[in-house]
Amino acid sequence: MSNNKLLAALCYFSVFFTPLLIPVIVYFVSDDREVKHHAKRSLVSHLVPVVLLIAGFIIFSFSMFSFTYSMDGMPSGNFGFWQLTPVLFMLVYGLLLIAILIWNVFQGVKVLK
């Protein structure tokens, strides 16, 4: 097995221990075009959860200020869209994260074969 295949697979498997670092290092260190291609693909797959997490923080910040309060200072019983959004986001984010992990493992094994 060549070192180039191992480096390409390491880029995908790095999602478990150093997700953005190894693909960037391999991309700039390697001279092989195929390794750079796999490093770029794995970097994009590692960036998707980070970008979505930033979007999630924005969603959570909007949902914090969306509660309506009654005259006695207690939250009222109105349950609106912004109160449900964080729960939906966590569900979608968790499913997407599992899908990305499976995809990275599949691609890493595929490169090794």
Side-chain angles (χ1 to χ4, degrees):
M1 188 168 305
S2 71
N3 286 341
N4 289 339
K5 283 188 174 188
L6 288 174
L7 277 176
L10 181 65
C11 289
Y12 291 113
F13 294 141
S14 71
V15 74
F16 292 111
F17 47 94
T18 54
L20 299 170
L21 187 62
I22 290 193
V24 170
I25 291 172
V26 169
Y27 182 80
F28 287 115
V29 170
S30 177
D31 295 328
D32 187 36
R33 187 175 173 194
E34 189 172 337
V35 172
K36 284 185 178 253
H37 170 73
H38 287 292
K40 207 182 325 181
R41 285 183 70 195
S42 67
L43 180 64
V44 169
S45 73
H46 297 178
L47 279 174
V48 168
V50 172
V51 170
L52 287 177
L53 196 60
I54 292 169
F57 282 126
I58 294 169
I59 289 171
F60 279 115
S61 66
F62 279 122
S63 69
M64 279 186 352
F65 299 113
S66 66
F67 289 107
T68 55
Y69 292 94
S70 61
M71 296 298 281
D72 60 355
M74 300 298 291
S76 67
N78 297 338
F79 191 74
F81 171 75
W82 285 109
Q83 286 82 19
L84 186 60
T85 304
V87 175
L88 291 175
F89 175 80
M90 286 188 292
L91 180 67
V92 170
Y93 183 78
L95 292 173
L96 184 69
L97 189 61
I98 290 170
I100 288 173
L101 287 173
I102 291 170
W103 185 83
N104 276 294
V105 169
F106 177 75
Q107 292 298 319
V109 170
K110 186 175 164 184
V111 167
L112 287 175
K113 283 190 170 187

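Side chains are part of it too, since the values below use all heavy atoms of this structure and drop only hydrogens, waters and symmetry mates. Treat the numbers as computed from the prediction; the structure is a model and nothing was measured.
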*Asks:* To the closest 0.5 Å, what do you measure between CG (Asn3) and CG (Leu10)?
*Replies:*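 That separation rounds to 11.5 Å.
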*Asks:* When you compare the side chain of Phe13 with that of Ile22, does any pair of heavy atoms fall below 4.5 Å?
*Replies:*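 In short, these two side chains do not touch, never coming nearer than 4.5 Å.
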*Asks:* In chain order, what residues pass the side-chain contact (heavy atoms from CB on, under 4.5 Å) check against Phe57, with sequence neighbours excluded?
*Replies:*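 side-chain contact (heavy atoms from CB on, under 4.5 Å) list for Phe57, sorted by chain: Leu53.
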*Asks:* Between CG of Leu96 and CG of Leu91, what distance do you get to the nearest 0.5 Å?
*Replies:*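 If I round to the nearest 0.5 Å, the distance is 11.0 Å.
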*Asks:* If I compare all heavy atoms of Val35 with all of Asn4, which pair ends up nearest, and what's the gap?
*Replies:*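 Looks like CG2-O, 3.4 Å.
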*Asks:* Should Phe106 and Leu97 be counted in the same cluster of Ile, Leu, Val, Met, Phe, Trp and Tyr side chains packed under 4.5 Å apart?
*Replies:*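 Phe106 does not cluster with Leu97.
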*Asks:* Without swapping roles, check the side chain of Ser42 against the backbone of Ala39 for a donor-acceptor pair under 3.5 Å.
*Replies:*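 Side chain of Ser42 to backbone of Ala39, a donor-acceptor pair under 3.5 Å: yes, one is there.
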*Asks:* Check the hydrophobic clustering (I, L, V, M, F, W, Y; side-chain heavy atoms under 4.5 Å; chains of links allowed) and say if Val105 and Leu101 are grouped together.
*Replies:*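 Same hydrophobic cluster.
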*Asks:* If I take atom CD1 from residue Ile100 and atom CG from residue Leu95, how far apart are they, to the nearest 0.5 angstrom?
*Replies:*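 One gets 11.5 Å once the value is rounded to the nearest 0.5 Å.
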*Asks:* Using side-chain heavy atoms (C-beta onward) and a distance below 4.5 Å, is Ser45 in contact with Val15?
*Replies:*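 Ser45 vs Val15: side chains apart.
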*Asks:* For atom CZ of Phe16, decide whether the heavy atoms of other residues, nucleotides or ligands shown that lie under 6.0 angstrom number more than 12.
*Replies:*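 Counting other residues, nucleotides and ligands, CZ of Phe16 exceeds 12 neighbours.
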*Asks:* Test of understanding: clusters of I, L, V, M, F, W, Y form through side-chain heavy atoms closer than 4.5 Å, transitively. Do Tyr27 and Leu47 belong to the same one?
*Replies:*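 They do share one cluster, since a chain of ILVMFWY contacts under 4.5 Å joins Tyr27 to Leu47.
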*Asks:* Does one hydrophobic cluster hold both Met90 and Leu52, with members joined at side-chain heavy-atom distances below 4.5 Å?
*Replies:*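 Linked within one cluster.
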*Asks:* Is the closest side-chain heavy-atom distance between Ser14 and His46 below 4.5 Å?
*Replies:*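 Answer yes - side chains close enough.
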*Asks:* How about Val111 and Tyr12: do any of their side-chain heavy atoms sit closer than 4.5 Å?
*Replies:*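 In short, these two side chains touch, coming nearer than 4.5 Å.
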*Asks:* Mind checking whether Leu43 and Leu21 sit in one hydrophobic cluster, side chains of I, L, V, M, F, W, Y counted as touching below 4.5 Å?
*Replies:*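 In one cluster: no.
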*Asks:* Side chain to side chain contact (heavy atoms under 4.5 Å, CB included), that's the test. Do Lys40 and Lys36 meet it? Break it down for me.
*Replies:* CA-CA 6 Å; Lys40 207 182 325 181; Lys36 284 185 178 253; 5.9 Å; no
